[in-house]
2 protein chains.
Amino acid sequence: METLRERKKRRTRESLLRAALHLFTSQGYERTTVDEIAEAVDVSQRTFFRYFAGKEDVALAVQKMTEAAFVAAVRARPPHEAPMRALRQAFLEGWDSIRETVESVVPVELHLRMYRTIESTPALLAAHLRRSAATEETLARVLAEREGVDVDTDPRPRLAVAVFGGVIRVAERQWCTSEEFSLESIRTLTAEYLDQVGSALTGNWRTG
Amino acid sequence: METLRERKKRRTRESLLRAALHLFTSQGYERTTVDEIAEAVDVSQRTFFRYFAGKEDVALAVQKMTEAAFVAAVRARPPHEAPMRALRQAFLEGWDSIRETVESVVPVELHLRMYRTIESTPALLAAHLRRSAATEETLARVLAEREGVDVDTDPRPRLAVAVFGGVIRVAERQWCTSEEFSLESIRTLTAEYLDQVGSALTGNWRTG
DNA sequence: AGGCTAGTGACAGCCACTGACAGTTGACAA
DNA sequence: TTGTCAACTGTCAGTGGCTGTCACTAGCCT
């Protein structure tokens, strides 16, 4: 059961989040000040910083949710699956539940537009990549445990996750710049790219 | 021939760079202010910002040099080489010339210590990853041209580079945290990891 | 009802960074 | 050599992200 105080906090937090994303996507990340966000929700700037570690943090809050959901999805894969297959299936099958998680806080439309803002704002892209790196470290440990190997001596868990993450990012980037800007298209794009990794590594591409 | 004015500029720039790296590695990036760096070289803070775009920029200036050198090395590979082999050889064989480039500006020892600072400072790691992403985009275009494919319709150049970059970063990270902290060890580590990618992708690791 | 505490606003301050303007110094021609 | 111009630099003032402090209010709990 949620107490009144907790409800108020959650409302404030989500209002700040929505207001921030709205401002970022409509007038740009750099051209939006924290004061503006606070003003839009009618709280003090100081309060904003009590809910979010900073401007970057609020911009990437939804991404943080989806990454956590993805890690959970990988953890939930049956243990007999090979590592790369587990990652692939977690991504493709977990998509819908991730969508629901997002939608409970922020309109999906807004989230999608925010993706483009992140990709086109250097400061945000940098923060996003660092977060991805941290998630990859977590995933490497999950895979290592599934397979019963030591993550500190065996590089394969980290290598597998790094390759997977690389493919995801290529797909993300392609998706952001394309016109086919829907939740479904990133799934098909990712599946397609994952299938092509092998052929990409074993050029020669001219004859292939 | 270098004019007096140009020499002065270069000296100021390199002094700022060395002073900055020295301060960053000895007392930490966050705990170093731009005023301190400027003061150490006895110029105004405003002058610092005329030589470097910001605090991040000076921290990653040497990395920027090495990445540019690497891209050049890839461009110089014979065109009949397969893509992944070109990347691999450019990295392994270009190492010595890169070392010389670095040493002409900054002691190698300082550069190595800076690597650890970058890896352990969130803000710097983020900026470093973003720079890597930009370099990967450049490399993808180089590979696409070598192979005569269109980088906008064929995902394989970007995929190949993403995989390669992922492996490099895993090696970098491992190297930073190990005791074997020499220029030579990262080369052997990278070669080793590149060889293991295939096996990492085709678990099951328990039986392998 | 009244004390306790989480949450808040207001204020002051630090630091990265920028624009504007004036002073200085090297380059180059007369 | 000297005068002129352009490049370079310092000073100053200001913006914006972010933090510490402290008094105050509002919800919680007995």
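Computed from a prediction, not measured in an experiment: that's the story for all the values here. Just so we're on the same page: letters track the sequence lines, and every chain starts at 1.
Going from atom CZ of R31(B) over to atom C1' of dC14(C) covers 16 Å, rounded to whole Å. Summarising the geometry, the separation between CD on E39(A) and P on dG17(D) is reported as 13 Å, rounded to the nearest angstrom. The CG-C1' distance, from D42(A) to dG9(C), rounds to 12 Å in whole Å. If you take CZ of R11(A) and P of dG7(C), they are 15 Å apart, rounded to a whole angstrom. Atom C1' of nucleotide dA10(C) and atom CG of D35(A) are separated by 13 Å, given to the nearest angstrom. Atom CZ in R7(A) sits about 17 Å away from atom P in dA26(D), given to the nearest Å. Regarding R10(B), its CZ atom lies at a distance of 15 Å from the P atom of dC8(D), rounded to whole Å. Atom P of nucleotide dT15(D) and atom CD of E36(A) are separated by 15 Å, given to the nearest angstrom.
Two residues are said to be in side-chain contact when any heavy atoms from C-beta on lie closer than 4.5 Å; V74(B) and F70(B) meet this criterion.
Comment: R75(A) does not engage E145(A) in a salt bridge, judged by the lack of any side-chain N to carboxylate O separation of less than 4.0 angstrom. The pair E67(B)-K64(B) does not count as a salt bridge, with every side-chain nitrogen at least 4.0 angstrom from each carboxylate oxygen. Using a 4.0 Å cut-off between charged nitrogen and carboxylate oxygen, E136(A) and R169(B) do not count as a salt-bridge pair. Ion pairing of R173(A) with E137(B) is present here, as a side-chain N (NZ or NE/NH1/NH2) and a carboxylate O approach within less than 4.0 Å.
A heavy atom closer than 4.0 Å to some atom of DNA chain C occurs in V43(A), S44(A), R46(A), T47(A), R50(A), Y51(A), these being the qualifying members of residues 43-64 of chain A.
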Can you give me every donor-acceptor pair (side chain of residues 48-61 of chain B, partner residue at least two apart or in another chain, under 3.5 Å) with its distance?
from   : atom 1 : to     : atom 2 : distance (Å)
K55(B) : NZ     : Y29(B) : O      : 3.1
K55(B) : NZ     : T32(B) : O      : 2.8
D57(B) : OD2    : A53(B) : N      : 3.0

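For K8(B), no side-chain nitrogen or oxygen approaches OP1 or OP2 of dT25(C) to under 4.0 Å.
Take the nearest nucleotide of DNA chain C for Y29(B) and for L4(B): the residue whose nucleotide is more 5' is Y29(B). The residue among T33(B) and R5(B) whose nearest nucleotide of DNA chain C is located toward the 5' end is T33(B).
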Would R10(A) and E6(A) count as a side-chain contact (heavy atoms from CB on, under 4.5 Å) if you check the C-alpha gap in whole Å, the side-chain angles of each, and the deciding distance to 0.1 Å?
CA-CA 6 Å; R10(A) 198 164 53 77; E6(A) 287 168 334; over 6 Å; no
